[in-house]
There are 4 protein chains.
Amino acid sequence: MASKKQRIGVLTSGGDAPGLNAVIRAVVKSASGLGWEVIGIHDGFEGLLGTKSYRVLTNADVQGLLPRGGTILRTTNKGHFGPRRSDELSEADPYVRAVKAIEEMGLRALITIGGEGTQRIALELHKLGAPVIGVPKTIDNDLAGTDRTFGFDTALQVATDAIDRLHTTAASHNRVMVLEVMGRHTGWIALHAGLAGGADVILIPEIPFSIERVAEKVMARDQQGSSFSIIVVAEGARPRGGSEMYIAEGRLGGIGHWVGEQLEKLTAKEVRVVVLGHLQRGGSPSPYDRLLSTRYGAAAVQAAARGIYGEMVALRGQDIVTVPLAEACGHLNRVRPHSDLVLCARSLGIAFGDEL
Amino acid sequence: MASKKQRIGVLTSGGDAPGLNAVIRAVVKSASGLGWEVIGIHDGFEGLLGTKSYRVLTNADVQGLLPRGGTILRTTNKGHFGPRRSDELSEADPYVRAVKAIEEMGLRALITIGGEGTQRIALELHKLGAPVIGVPKTIDNDLAGTDRTFGFDTALQVATDAIDRLHTTAASHNRVMVLEVMGRHTGWIALHAGLAGGADVILIPEIPFSIERVAEKVMARDQQGSSFSIIVVAEGARPRGGSEMYIAEGRLGGIGHWVGEQLEKLTAKEVRVVVLGHLQRGGSPSPYDRLLSTRYGAAAVQAAARGIYGEMVALRGQDIVTVPLAEACGHLNRVRPHSDLVLCARSLGIAFGDEL
Amino acid sequence: MASKKQRIGVLTSGGDAPGLNAVIRAVVKSASGLGWEVIGIHDGFEGLLGTKSYRVLTNADVQGLLPRGGTILRTTNKGHFGPRRSDELSEADPYVRAVKAIEEMGLRALITIGGEGTQRIALELHKLGAPVIGVPKTIDNDLAGTDRTFGFDTALQVATDAIDRLHTTAASHNRVMVLEVMGRHTGWIALHAGLAGGADVILIPEIPFSIERVAEKVMARDQQGSSFSIIVVAEGARPRGGSEMYIAEGRLGGIGHWVGEQLEKLTAKEVRVVVLGHLQRGGSPSPYDRLLSTRYGAAAVQAAARGIYGEMVALRGQDIVTVPLAEACGHLNRVRPHSDLVLCARSLGIAFGDEL
Amino acid sequence: MASKKQRIGVLTSGGDAPGLNAVIRAVVKSASGLGWEVIGIHDGFEGLLGTKSYRVLTNADVQGLLPRGGTILRTTNKGHFGPRRSDELSEADPYVRAVKAIEEMGLRALITIGGEGTQRIALELHKLGAPVIGVPKTIDNDLAGTDRTFGFDTALQVATDAIDRLHTTAASHNRVMVLEVMGRHTGWIALHAGLAGGADVILIPEIPFSIERVAEKVMARDQQGSSFSIIVVAEGARPRGGSEMYIAEGRLGGIGHWVGEQLEKLTAKEVRVVVLGHLQRGGSPSPYDRLLSTRYGAAAVQAAARGIYGEMVALRGQDIVTVPLAEACGHLNRVRPHSDLVLCARSLGIAFGDEL
């Protein structure tokens with residue numbers, strides 16, 4: 001009697017990040033080594049619940065995929081799922097429908113590559129019995145439960161390269177350059193890129209700043225003979241008691257432009273603002289991100305082989321482990337204001353705008 | 001009797017561009033080969049007229065300078081010079097004072113590295129008898145009299161790299177991505193980067209566009225199965241009959257954001273906008289720009305050695321020549337709407353928003 | 001009566017170069033704009049004469065191809081064609097068979113992308129009546145008849161980046177670093193990269209060198225306080241009267257290693273040698289090469305539309321033109337030892353090993 | 001009574017690595033924040049024992065240093081120190097003289113940035129009472145006692161970029177490309193870059209290989225329709241029972257060339273070999289390496305402030321800690337043949353040449 005071929009599914013959900021294709025490739029290659037079939041589901045949960053769009057992925061489909069940014073499965077930020085409200089198993093409930101779809105597709109496991117929102121959905125599906133395995137992804141590195149997410153190192157390179165470029169202009173023109181980087185809730189990119197690029201001021205959501213302190217730092221540098229300054233701002237950074245001073249709603253330019261305008265007033269220096277935006281998401285993943293993505297993809301298939309469901313693969317130190325999905329849900333991995341990294345930055349003379 | 005050492009001056013003026021340091025290095029190295037002394041004047045004409053700030057530059061001062069962006073002499077956009085209004089040689093006239101300063105410094109030649117504004121000043125100084133030699137510089141490639149300015153190739157690389165990055169996000173999310181690049185008066189960066197990056201639409205100042213045509217192109221691509229589009233916009237591009245539709249004054253976001261907003265309305269697709277801004281100015285010059293800068297610097301010293309003043313070094317085909325400063329002044333090098341390059345883009349299916 | 005669809009063929013021949021895929025893409029996109037069909041022939045002339053392997057290329061086949069190095073049609077250096085010896089039109093003659101194959105495939109034109117060898121074959125085929133159009137390709141920039149070939153700018157970037165990297169090591173260790181770059185017959189890469197990277201010595205085939213002069217330059221720099229030196233060597237550079245001193249045959253390491261060994265003996269300094277080799281051929285083409293390739297591809301289709309055969313598309317100044325294939329054949333575009341570029345390098349203090 | 005200013009010394013020893021300057025900068029900036037003076041010792045231990053060459057480093061001296069490769073203090077591989085043989089404290093003993101020099105310079109601490117050899121010397125100096133603090137550096141990542149050394153990530157990027165470039169050529173020509181990377185004793189670069197670049201075979205010192213197994217892998221790929229292969233070889237990789245087959249001594253080309261020659265014989269395919277060599281050492285450090293270097297430099301000053309001597313700063317997971325110098329000495333951090341990373345590579349189908 002011919003045994004049925006084992007089959008697993010994979011989808012990418014939320015904003016795209018460099019390394020998604022590398023995870024998909026590793027899943028397909030590892031699964032194919034086990035003789036399994038991989039179903040690639042298009043457009044995140046949309047392809048599972050809405051369009052029912054998916055296809056078999058073979059080794060040939062993933063050839064040459066490692067260095068390519070984006071995701072061949074496409075992704076959406078669209079929400080099918082609200083928070084689960086009842087324990088009823090209604091047919092109308094998207095979670096129930098998703099679990100049913102997974103069953104009907106005959107999936108031994110569904111690998112869900114995404115950030116906190118995605119893993120929260122995965123957790124609910126697992127509670128309903130679905131064999132899900134999470135793979136952590138976010139540019140911002142703010143996902144809990146893992147030391148690092150893929151996409152972050154590439155974003156860091158884009159941001160650091162931008163600081164390097166702004167440095168030469170700043171120094172040539174005696175200017176203040178403000179760079180707004182990603183990080184709606186956390187300051188990981190700003191802090192890492194600020195340190196790696198030699199910023200003078202770093203403003204992050206975890207440390208509310210005073211624009212006056214920032215201006216004082218710029219003027220102090222002037223007096224010491226450094227007539228230019230580089231300021232890195234996470235998009236989610238906010239001034240202390242900011243509601244009167246800074247209203248995000250209705251502002252086209254975001255915090256970077258606000259900081260720029262205020263500093264021109266306070267320091268009478270020329271200020272220029274650059275908002276990196278989507279440049280941080282695209283392009284070929286860095287070697288670090290390719291390696292991490294590849295390890296995550298292979299580890300997710302290993303978990304499926306061992307029947308470990310309801311967990312997320314994660315980096316701990318140098319090792320790939322699995323952690324319960326719940327660890328990744330409900331809270332974020334934030335920069336601690338008194339962490340080594342912040343203290344290291346302070347010891348180098350970098351200001352956070354909260355100095356006394 | 002000891003003969004006095006020959007001495008030339010060099011200054012950088014206007015916005016900074018990758019390759020300024022490479023020109024300075026080549027000037028110093030070539031001049032030193034002739035046994036001449038080089039005076040580096042700080043902050044453009046400000047160091048000549050205002051602060052009187054300058055210093056001797058030796059081979060040691062320019063070591064390691066070739067790959068570095070910016071200018072060690074610093075630069076300003078500040079204007080000391082209005083248009084020359086009278087033929088009187090008044091002491092108050094900045095041109096007269098500049099000529100006098102050049103004489104007092106004992107300069108055999110003054111090398112002025114800059115764009116159209118700078119060369120216009122150089123021309124006036126030459127009319128008053130100053131031994132000036134121009135070196136053409138602009139990111140935008142819009143300076144007349146030369147086939148190419150340094151800084152342009154590096155800016156093109158930054159812009160093309162940005163398009164590459166946006167491509168992966170656009171394709172992963174079925175989005176329209178709008179990239180605003182430099183080019184207040186001309187569309188060289190937009191046209192070259194759009195071609196090199198595989199843009200679907202290129203909007204430039206020389207070809208007024210209709211936003212409806214742009215939207216139609218996006219929708220036509222959708223119907224052909226390409227559910228994403230990349231649009232490159234020069235900062236100086238404007239809609240046809242744009243005064244009613246687009247008022248630049250008072251708009252924070254510039255033309256890129258305007259195009260993005262309009263397209264979201266007209267196509268109902270997700271649109272994201274990135275403004276490259278100062279990232280195009282900074283960083284290490286490309287090999288092409290390093291080579292062009294080096295040739296310009298060496299050629300400027302050659303011109304001084306031959307007593308050729310009132311001219312600008314320039315690229316013609318593969319050769320470095322000198323042209324009268326007047327050729328670089330009073331008009332710009334614009335993209336011709338029926339040039340080969342534009343027709344080439346059209347033959348590939350790229351839209352300019354003026355299609356019938 | 002239904003008119004038959006026009007059909008053109010395209011093949012890539014000789015060593016691969018960044019930009020081949022960009023030419024193919026431009027050919028397909030331009031041809032498709034005219035309603036023509038494009039046949040991509042695999043493995044150069046091998047697919048025409050030997051394996052008869054080819055396929056229709058559509059717009060979908062070339063999507064995303066612009067930034068990718070290599071050639072999707074593959075290429076070989078394998079020779080089917082010797083020099084044409086007789087005027088007989090024998091069936092065994094590969095040229096005659098190729099012309100027949102082109103006819104049988106119903107090609108309105110065959111676009112041959114390659115270097116001097118390829119264009120020589122194309123010329124012979126044209127003499128026999130085949131509607132060929134050449135597209136110039138070589139990393140080395142040594143093809144006559146055009147100001148520039150695609151692939152060269154990318155190779156230049158790889159070589160310049162390598163010099164930048166070696167600079168930091170050389171300076172940190174007081175070492176001599178020797179970099180061997182491509183250029184079997186001509187020194188274009190060595191000369192351009194040497195200038196762009198700030199080399200101290202450049203050795204090229206067009207200027208036979210004396211190893212003693214090179215050693216003297218290294219020692220002179222030492223005495224002036226620059227205790228490191230960077231030497232760029234084209235693979236085809238040779239010592240003056242070199243047959244006694246340097247026998248290329250049987251030497252594994254090539255000229256770079258020979259120069260390194262000699263310099264260690266002559267200067268008693270630490271010397272390290274790097275041979276760039278195939279790194280210069282691969283990777284994503286630079287924006288300049290993407291643009292040039294795209295223009296070439298579109299121009300080749302334009303030539304076909306106008307019935308211009310037996311010509312090669314070429315760059316002249318800023319324009320794309322066509323030139324008779326014969327102009328590209330039989331001789332190479334070499335560095336002239338007294339050209340501006342060489343004199344510019346000498347004026348900066350760069351040595352060529354032929355100094356008196 | 002005026003208290004004497006605290007003073008610390010810093011030196012760089014062994015082969016250069018990207019990030020050395022970043023450590024020096026962080027040491028100077030952190031120390032200056034404490035009001036301390038920093039003495040930069042030139043040419044490693046040579047400046048302490050031989051030339052007595054050193055200078056005060058101020059914040060101004062380290063401005064702009066973060067992105068620059070190499071070391072402004074220069075470095076040597078030259079050995080003043082043999083293994084310590086006696087417990088006698090002879091004046092001729094270099095260790096004794098070094099300790100005396102440190103005392104005479106009035107150093108509160110000496111920060112020694114280097115690899116295993118350097119830290120072994122540091123340990124001996126500490127046993128004799130010198131207040132040394134080690135900072136781990138090696139391109140190869142083979143230093144024990146720390147999860148990661150700076151320089152490795154940058155080397156990984158160079159190696160991965162090289163694999164990317166070779167991929168396009170390999171695929172275009174149906175070739176086997178062999179890339180030899182650094183790693184005399186350990187295969188970290190080969191393993192990481194091979195995974196990040198999508199190599200088909202990885203050969204490392206820790207897993208002796210059979211060249212026949214490698215050839216079989218290449219042929220198996222051919223039969224599956226992948227007519228090209230990428231092989232990454234660490235310079236220290238060796239064939240099983242290799243003494244008869246491969247004698248490193250006297251071979252100019254190294255293991256990469258040997259593998260290439262053997263494979264041409266065994267597979268009858270075209271093979272090309274590239275030896276990356278010193279390109280892996282130079283250039284601007286990656287953001288990761290800049291950050292790690294900066295943290296190490298700041299932590300070394302913190303250790304000095306707390307009076308922690310005889311230790312080396314190290315990375316453990318995400319944290320910077322200090323470990324006894326002895327942990328870094330006497331053995332290397334090798335790739336374990338059954339580690340997760342190797343198993344991950346195997347699960348993706350990558351061969352190590354030891355397959356049954």
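Sequence lines set the chain letters: A, B, ... in the order given, protein chains first and strands last, and positions in each chain run from 1. Values in this document were obtained by computation on a predicted structure and should not be read as measured data.
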Would you indicate whether the side-chain heavy atoms of B:Gln63 and C:Ser226 approach each other to under 4.5 Å? yes
Chain C contacts: which residues in residues 280-288 of chain B have a non-hydrogen atom closer than 4.5 Å to it? B:Pro287, B:Tyr288
Most heavy-atom pairs under 4.5 angstrom with chain C, which of B:Gly198, B:Ala298, B:Ser347, B:Gly349? B:Ser347
Chain B neighbours within residues 159-173 of chain C, where any heavy atom lies under 4.5 Å away: C:Thr160, C:Asp164
Nearest-0.5 Å distance that lies between atom CZ in B:Arg148 and atom CD in C:Gln318: 5.5 Å
Looking only at heavy atoms, which of residues 186-196 of chain C get nearer than 4.5 Å to chain B? C:His192, C:Leu195, C:Ala196
Residue by residue, scan residues 26-33 of chain B and write down, ordered by number, those that have a heavy-atom distance under 4.5 Å to chain C; if none do, write 'none'. B:Ala26, B:Lys29, B:Ser30
Which distance, rounded to the nearest 0.5 Å, do you find between the CZ of B:Arg295 and the CG of C:Asp340? 6.5 Å
Most contacts with chain B, counted as non-hydrogen pairs under 4.5 angstrom, among C:Leu156, C:Asp147, C:Thr294: C:Asp147
Interchain contact, B:Leu348 with chain C, by part (heavy-atom threshold 4.5 Å): both
